[in-house]
Structure formats: C-alpha cells, structure tokens
2 protein chains.
Amino acid sequence: MGESAKAVETSTRILDAAELLFVEHGFDATSMRLITQAAGVNIAAVNYYFGSKDGLFKAVFERRAEPFARLFLGHLDQLERQYANPSAKQVVEAFVAAAIELGQEASLGGLIFVRLLARTFVEPHPVLKESMPRRYSELTRRYISALVKSLPHLSEAEVHWRFHFLANAMFNAFAGTNVLRLFMAHPIVNARDPQMVARMLVPFVVAGLDAQAAMPELVDQNS
Amino acid sequence: MGESAKAVETSTRILDAAELLFVEHGFDATSMRLITQAAGVNIAAVNYYFGSKDGLFKAVFERRAEPFARLFLGHLDQLERQYANPSAKQVVEAFVAAAIELGQEASLGGLIFVRLLARTFVEPHPVLKESMPRRYSELTRRYISALVKSLPHLSEAEVHWRFHFLANAMFNAFAGTNVLRLFMAHPIVNARDPQMVARMLVPFVVAGLDAQAAMPELVDQNS
DNA sequence: CTAATTTTCAAACACTCGTTTGAAATATCG
DNA sequence: CGATATTTCAAACGAGTGTTTGAAAATTAG
C-alpha cells in the first residue's frame with residue numbers, strides 16, 4: 001500500500017490548494033478543475049486520493065483538527081498547571097495566545113483554517129455534521145468549564161451563552177470577518193492584523209464575560 | 001410600462017423564494033430552477049424581471065436596504081431626541097430594539113435578511129461591492145459617532161474596533177450563527193430565540209464597550 | 001531484472017448550470 | 001372592438017460540473 005513521498009506530496013498539494021480556495025470562494029464555487037490546476041495535479045487525482053469532492057472537503061478539516069485542538073488545549077493545560085483557579089481574563093488570554101501562535105505556525109496552515117471555520121459556521125456542510133463535534137467537543141467543554149469556574153456570579157447556562165458570543169466574536173475576529181468593510185467605503189480598522197486584533201479584542205470580551213448576570217436568579221448559590 | 005398586480009406578484013414571489021434559499025444554501029448552491037420552482041413561476045421569469053441571477057441577488061438586497069436602514073436609524077433618532085447624551089448602553093439597546101422589531105415585522109422579512117447579511121460577511125459577492133456601502137454607510141456612521149460620544153475614555157480608532165467586534169457579535173447573534181452547534185453534539189443555548197438573544201447579549205456587549213481602553217495613550221485629551 | 005503494484009493522465013461520461021429564443025397567452029389602451 | 005404592449009411558457013443552447021474509465025507511466029517488491 002502506497003505511502004511514497006511522491007504520493008504524499010500529491011495529496012498534500014491538493015489539500016493545500018483546496019483549503020485556500022474553499023476559504024476564498026466557498027465549497028460550491030470552487031470546482032475540481034480549479035483545485036487540481038492550482039495544485040498542479042491531474043483532475044482525477046482528487047477522486048483517486050479522497051474519493052470525491054465531499055471527501056476532499058472532509059479531509060481538509062480532518063488534517064487540521066487534531067493539531068488545532070491540541071494547540072488550544074495545550075495553552076489551557078499550561079494555564080491550569082500554573083494557577084489552581086485561573087481568572088476569565090487568563091482563560092481568554094490563553095485562547096488568544098493559541099490563536100496568535102496558530103497564525104505564526106505555517107505548518108498548521110496559519111489562520112487560513114480559522115477563516116475556513118468561520119465560513120463553515122454560517123455555511124454548514126452535511127459532511128462535517130458528525131466529525132466536527134467529535135473533534136472539538138473536548139476543546140469546547142474544557143474552555144467552558146474553565147470559564148464556569150472563573151465566573152461564579154453566572155449560572156452555567158449564562159456562561160454557555162457568553163461563550164457562544166465570545167466564540168463567535170473571536171473566531172470571526174481572527175478570521176478577519178469584517179462587517180465594516182462591507183458597510184463602509186473606507187473602514188479604519190485593519191481586521192487582518194492578528195496582533196492588533198488580539199490587543200483590541202481581549203479587554204472587550206473579558207469585560208463582557210465579567211459583566212453582571214443578565215439572569216442572576218438562576219445562579220446556584222450553593223457552590 | 002407594466003406594473004400590473006400580477007407582474008408585481010410574480011417578481012415578489014421570486015424575491016421571497018430567492019431570499020430564503022440564498023440564506024439556506026448560499027448563492028452558488030441555489031439554482032435558478034430551485035428558486036423558480038419554489039416561487040411557482042417559469043424559469044425564464046428571473047431573467048425577464050431581474051436580467052440575471054446576479055441581478056436577482058442584488059435585487060434581494062435592494063428591496064430590504066432602505067426599510068432596514070430606516071428602522072435602525074429611527075430607533076437611534078428617537079433615542080437622541082430623548083437624551084442629549086445617550087449612554088453606550090442606550091445606544092446598544094436602541095440597536096437591539098430595532099433588531100427585535102425587525103424580527104417581528106413580517107413585512108420586512110423578519111430576521112431572514114439579517115441571516116443573509118451575516119452570510120454575506122464571510123461570503124462576499126462582487127455584485128454588492130458598490131451598493132452596500134452606499135446603502136448602509138450612514139447607518140454605520142451614525143451609530144459609531146453615537147458610541148464615540150458616549151465613550152470618551154476611548155480613542156475614535158478604538159471605538160471603531162469595538163464597533164467592529166460588536167457588529168460581528170450582534171449580527172451573528174441575531175442571525176442565529178451557532179459556533180457551539182458545530183462544536184458540540186448537544187449545545188444548551190437556543191440561538192434562534194431573539195428575545196433570549198437580546199436579553200443575554202446586551203450586558204455582554206455593553207460591558208465590552210465600557211471596558212478600559214486597550215490603547216489609552218491614543219485618547220484625545222482635548223475634547 | 002522481472003512482476004506486481006501504485007500513481008498519473010487524457011478523454012469521455014451523464015448531468016446540471018444560467019441564459020436565450022420565439023411563439024402563445026394575457027393585459028392594456030385608444 | 002382591434003391594436004399594442006406585457007407577461008408567460010416549453011424547449012433548446014453552449015458551457016461547466018463531478019466522476020469514471022482504461023491505458024500509460026512510475027514505483028515497489030521479490
């Protein structure tokens with residue numbers, strides 16, 4: 001069974017090209033001929049290595065899932081090794097530090113995969129329905145429970161809501177999703193500078209997490 | 001030139017069906033045959049009324065633009081008539097109240113158009129490049145300048161950044177964009193309940209706006 | 001080196017895409 | 001009414017879609 005250097009190189013080139021083009025134009029607007037042409041391979045290679053276009057899409061996500069989760073969990077592990085009860089701010093900073101590191105690590109695809117994730121949030125593909133929760137539920141659960149512990153003035157349900165807002169905000173922020181660029185002719189903010197995004201984002205979301213409860217009556221008083 | 005009841009009804013049915021299907025499947029994955037079938041009209045009707053599929057897409061946005069902007073500006077106008085210097089919280093509440101009203105107003109398409117906007121942020125279409133800023137720049141400018149006035153501890157640039165985060169968070173929140181649903185098998189939050197979204201969202205983003213400046217050195221001390 | 005296996009490739013497959021056509025049906029107007 | 005303009009419709013257009021095929025090329029194993 002072939003795992004030769006040449007074969008790996010071919011499937012990798014396809015994955016790289018596909019990842020970039022899926023981000024840029026979306027799944028449907030990206031044709032097999034465009035992908036294989038960009039990768040410099042024959043069009044039949046996609047079906048040979050990945051079975052189908054759907055299979056390729058799934059493979060693009062599969063390749064990134066494990067290193068992605070490990071990177072973000074690693075920062076949380078390190079934090080919880082240093083502090084028994086990390087603050088919400090520290091948890092957010094761990095997440096942001098992981099995002100920054102991801103953006104600098106070319107071997108992980110940089111922020112391209114974050115952009116692909118951000119696209120997938122509003123443009124779900126049935127192929128990912130099963131694999132995504134399996135790959136990322138631990139990551140999500142760990143960050144949420146860290147926040148639950150650091151925000152005792154909030155009910156667990158409200159922490160889930162805030163994590164929902166926070167995750168949307170942060171993924172879109174690092175993906176460079178720019179509402180202003182669509183709404184204004186000349187927006188001031190440069191949404192594609194990760195360092196700047198991190199600097200501006202942290203105080204915003206930390207204050208949002210620390211804010212008073214919207215539904216204080218639900219907080220468990222016994223903990 | 002025809003503006004008969006039947007003709008208007010036909011083009012309206014096309015717009016309604018297209019709006020819904022573009023939200024659900026995106027521009028490329030929505031075929032003309034699917035749209036016209038859902039609208040109960042002949043396939044040639046789209047080209048007859050809107051020239052092309054691109055023209056239809058543009059028309060879907062054009063129909064909503066003016067009422068949408070007027071609704072959100074109306075709430076801000078009312079606020080500024082009542083208060084000379086409204087707080088950031090009041091500005092946010094005006095925006096949220098407009099979103100809630102939009103969701104209840106079937107004649108404005110409810111929240112479907114908000115979902116379409118949220119999709120367009122990460123999936124831009126060249127056809128909208130020119131028309132969107134023309135339609136929404138006043139709306140954006142007005143809300144930003146209201147926030148600039150209500151947040152004197154922030155530089156104008158930092159207010160732009162926070163509005164950038166806020167707009168992303170709020171549009172995606174009301175659009176029901178759900179990161180958790182993709183990452184977890186059984187998320188707790190019900191992201192499609194506008195009343196609940198509003199209740200949980202306001203304290204989060206208001207605290208984020210009121211937070212200390214990330215770059216305090218840039219604040220103009222002379223104002 | 002020979003044989004078996006893996007990978008590449010050009011060509012063609014059936015199918016769907018957005019758009020156009022020209023005539024039939026309907027509505028408008030003098 | 002008859003004449004004119006508007007709207008609907010079935011059918012077809014060329015182009016592009018993902019996928020399959022079978023043979024050629026390259027690599028690996030004995």
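All values derive from a computational prediction rather than experimental measurement. Proteins get letters first, then strands, A, B, ... in listed order; numbering begins at 1 in each.
The shortest distance between the side-chain N/O atoms of B:Tyr49 and the OP1/OP2 oxygens of D:dT8 is below 4.0 Å. Taking side-chain N and O atoms only, B:Asn42 has no distance below 4.0 Å to OP1 or OP2 of D:dT7.
Nearest to the side chain of A:Thr10, among D:dA10, D:dT20, C:dT8, sits C:dT8. Closest to the A:Tyr48 side chain, of the nucleotides C:dT8, C:dA10, D:dT8, is C:dT8.
Note on ring orientation: taking the six-membered ring where Trp is involved, the planes of A:Phe22 and A:Phe27 are tilted (angle from 30° to 60°). The aromatic rings of B:Tyr136 and A:Phe183 lie parallel to each other, with less than 30° between the two planes, well short of the 60° mark.
Checking side-chain atoms of A:Lys53 against main-chain N and O of A:Ser31 turns up no donor-acceptor pair under 3.5 Å.
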Please produce a list of atom pairs where a protein N or O lies less than 3.5 Å from an N or O of nucleotides 13-18 of chain C.
{"residue": "C:dC17", "atom": "OP1", "partner": "B:Ser31", "partner atom": "OG", "Å": "3.3"}
{"residue": "C:dG18", "atom": "OP1", "partner": "B:Lys53", "partner atom": "NZ", "Å": "2.7"}
{"residue": "C:dG18", "atom": "OP2", "partner": "B:Met32", "partner atom": "N", "Å": "2.8"}
{"residue": "C:dG18", "atom": "N7", "partner": "B:Arg33", "partner atom": "NH1", "Å": "2.8"}
{"residue": "C:dG18", "atom": "O6", "partner": "B:Arg33", "partner atom": "NH2", "Å": "2.8"}

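Salt bridge A:Arg134/A:Glu130: present, at least one basic N to carboxylate O contact under 4.0 Å. With salt bridges taken as basic N to acidic carboxylate O contacts below 4.0 Å, none links A:Asp77 and A:Arg70.
The ring-ring contact (aromatic ring centres under 6.0 Å, His included) test applied to A:Phe204 returns B:Phe165, not counting sequence neighbours.
Regarding A:His25, its NE2 atom lies at a distance of 16 Å from the P atom of D:dG16, rounded to whole Å.
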